[in-house]
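What follows is a single structure, written as structure tokens, with notes after it.
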Amino acid sequence: MIVAVPHQATDQATDQSADQSADPAPPRTARLHRPLTVAEAVEILADGDAEILAGGTDLVPALRARQREPRRLVALRRVLELRSRGASANMLIIGAGVTYHDLTGWSLSPGLAAMARVVGSPQIRNTGTVGGALGTANPRGDLLTFLSAVGTEIVINSARGARTVDVASFLATGLAPTELVTAVRLPRPCGPQVYLKIGSRQAASAALVSCALVVDRVHERVTCAIGGIAHQPTRPATAEEFVRQGVDWSTGTIPADVVAGFGELVAEAAGAVPDPLPDDVGVSAAYRRHAAGVLAARAVGRCLPAAAPGAIPGSAGPGSAGRFRS
């Protein structure tokens, strides 16, 4: 049972009166706080004895199943500053309350928009939030894979102030009970981006394996993240360096053997993670490693057109200098 209270209400929670020997035990009554600002929200969280309710796509089913029985809930729907998004010259910033649906048509980040369109069902896209995905940190989460590929910073607030960490550090350490994710910052796209995944159903279920690949033609690099292999997305550094050296950056093309080699190196990296996810029913770790390589090769092939057979990197033909797929 949930009882709504103003945000300044004192910390108090009670259980329904019932025979304590009854089976099942009566549900705990949780107090629901509805702050209007981030400052109010972190004030409520300051004692570490409250849970955050954003989109509710994970928490609400857990409450109904009585897998979690918090004493207090902090609902963030009314905190409008968490639902903003914007851009500077080099950076995109997205509030933690922005939903997947809000991102599906965002022209400033086509790769992020493409990822958002294949997340869950329409109901999940309408309610699931950026902050909720980070708080849950599902190792197969679509958003986490994409944010890991682009090099994202996570903005975290508490009553003591704000701090910023990179996404890998955030996923390794998590949040303190007194902290709140308020936004993410990611670089503006400087080239093509692709997000691919394999699942029992393409959108309506969690990814078995996913791949986000980002080409930065300004800094001449390719970054990649694989989800569904380990407890957080995997960055195959050796494969990234291999493909960076294999791209003809003057034309933005890539030889077929580099595409194939990139896929093989990604599969090797997927097989060497120190914390692999256990085998699923019908989906082995070996299959996921193979799928990671296939998705990576497919992704880089979609981002970069094939080089002409026998082409020498850097030897652009007449009138072709500077061309690149956007």
Side-chain angles (χ1 to χ4, degrees), residues 35-42 45 52-55 57 74-117 119 125-137 141-176 179-195 212-219 221 223 225 232-233 235 326:
L36 299 178
T37 66
V38 168
E40 292 173 1
V42 297
L45 294 170
I52 297 168
L53 176 62
T57 57
V74 183
L76 301 177
R77 180 70 66 176
R78 298 183 181 182
V79 184
L80 297 183
E81 59 195 289
L82 296 178
R83 301 172 67 180
S84 64
R85 59 184 183 180
S88 64
N90 301 311
M91 191 75 62
L92 302 177
I93 184 164
I94 304 168
V98 171
T99 66
Y100 293 112
H101 175 76
D102 295 333
L103 297 173
T104 55
W106 202 25
S107 60
L108 292 181
S109 182
L112 186 63
M115 179 280 305
R117 287 194 289 270
V119 173
R125 292 193 290 274
N126 286 334
T127 57
T129 64
V130 170
L134 288 165
T136 303
D142 299 283
L143 181 64
L144 299 189
T145 304
F146 186 85
L147 294 183
S148 297
V150 298
T152 305
E153 296 178 338
I154 313 299
V155 182
I156 300 168
N157 281 67
S158 70
R160 295 178 296 176
R163 65 186 181 97
T164 302
V165 298
D166 64 83
V167 66
S169 299
F170 173 84
L171 293 175
T173 60
L175 278 177
E179 293 181 318
L180 173 69
V181 172
T182 55
V184 298
R185 297 172 181 159
L186 53 154
R188 293 189 72 150
C190 295
Q193 302 176 342
V194 166
Y195 179 76
L213 188 131
V214 176
V215 176
D216 184 339
R217 60 185 177 184
V218 174
H219 300 95
R221 64 189 177 199
T223 55
Q232 68 182 72
R235 285 283 299 273
S326 61

> Would you find a donor on one side and an acceptor on the other, under 3.5 Å apart, between the side chain of Arg188 and the backbone of Ala87?
Replying inline: no
>> Looking at Arg235 and Thr223, would you say the former's side chain and the latter's main chain have a donor-acceptor pair under 3.5 Å?
In response: no
Donor-acceptor pairs under 3.5 Å, side chain of residues 165-172 to any protein atom, not counting sequence neighbours: which ones?
unit_1, atom_1, unit_2, atom_2, d
Asp166, OD1, Ala168, N, 3.1
Asp166, OD1, Ser169, N, 2.9
Asp166, OD1, Ser169, OG, 3.2
Asp166, OD2, Ser169, OG, 2.9

>> Which heavy atom of Val150 sits nearest to which heavy atom of Gln193, and what is that distance?
In response: CG1-NE2, 4.3 Å
> Thr136: what forms a side-chain hydrogen bond (donor to acceptor under 3.5 Å, both in side chains) with it, not counting sequence neighbours?
Replying inline: Asp58
> Distance from Arg117 atom CZ to Met115 atom CE, nearest 0.5 Å?
Replying inline: 10.0 Å
> About how many Å separate CZ of Arg83 and CG of Leu76, when rounded to the nearest 0.5 Å?
Replying inline: 11.0 Å
> Would you say Leu213 and Pro192 make side-chain contact, with heavy atoms under 4.5 Å?
Replying inline: no
Using a 3.5 Å cut-off and no angle test, enumerate the donor-acceptor pairs between side-chain atoms of residues 126-135 and protein atoms at least two apart in sequence or in another chain.
unit_1, atom_1, unit_2, atom_2, d
Asn126, ND2, Pro122, O, 3.2
Thr127, OG1, Gln123, O, 2.9
Thr129, OG1, Gly132, N, 2.9

>> With rounding to the nearest 0.5 angstrom, report the CG to CZ distance, Leu112 to Phe146.
In response: 5.0 Å
> Would you say the side-chain atoms of Glu40 pair up with the backbone N or O of Leu36, donor to acceptor, closer than 3.5 Å?
Replying inline: yes
> Restricting to pairs with a member in residues 85-104, which pass salt bridge (Lys or Arg N to Asp or Glu O under 4.0 Å), not counting sequence neighbours?
Replying inline: none
Contacts under 3.5 angstrom, residues 151-162 side chains, donor-acceptor by atom type, not counting sequence neighbours:
unit_1, atom_1, unit_2, atom_2, d
Thr152, OG1, Leu147, O, 2.8
Asn157, OD1, Thr182, OG1, 2.9
Ser158, OG, Arg160, N, 3.2

> So, do Ile52 and Val181 sit near enough that their side-chain heavy atoms are less than 4.5 Å apart?
Replying inline: no
> Roughly how far, to the nearest 0.5 Å, is OG1 of Thr37 from CG of Leu82?
Replying inline: 9.5 Å
>> Once side-chain hydrogen bond (donor to acceptor under 3.5 Å, both in side chains) is applied, do any residues pair with Thr145, and if so which ones, sequence neighbours excluded?
In response: Ser210
> About how many Å separate CG of Leu108 and CG of Leu103, when rounded to the nearest 0.5 Å?
Replying inline: 11.0 Å
> Taking all non-hydrogen atoms of both residues, which atom of Ala225 and which atom of Ser148 are closest, and how far apart?
Replying inline: CB-CB, 3.9 Å
>> Tell me the closest heavy-atom pair linking Ala137 and Leu144, and the distance in Å.
In response: CA-CD1, 3.6 Å
> At what distance, to the nearest 0.5 angstrom, does CD1 of Ile93 lie from OG of Ser84?
Replying inline: 7.0 Å
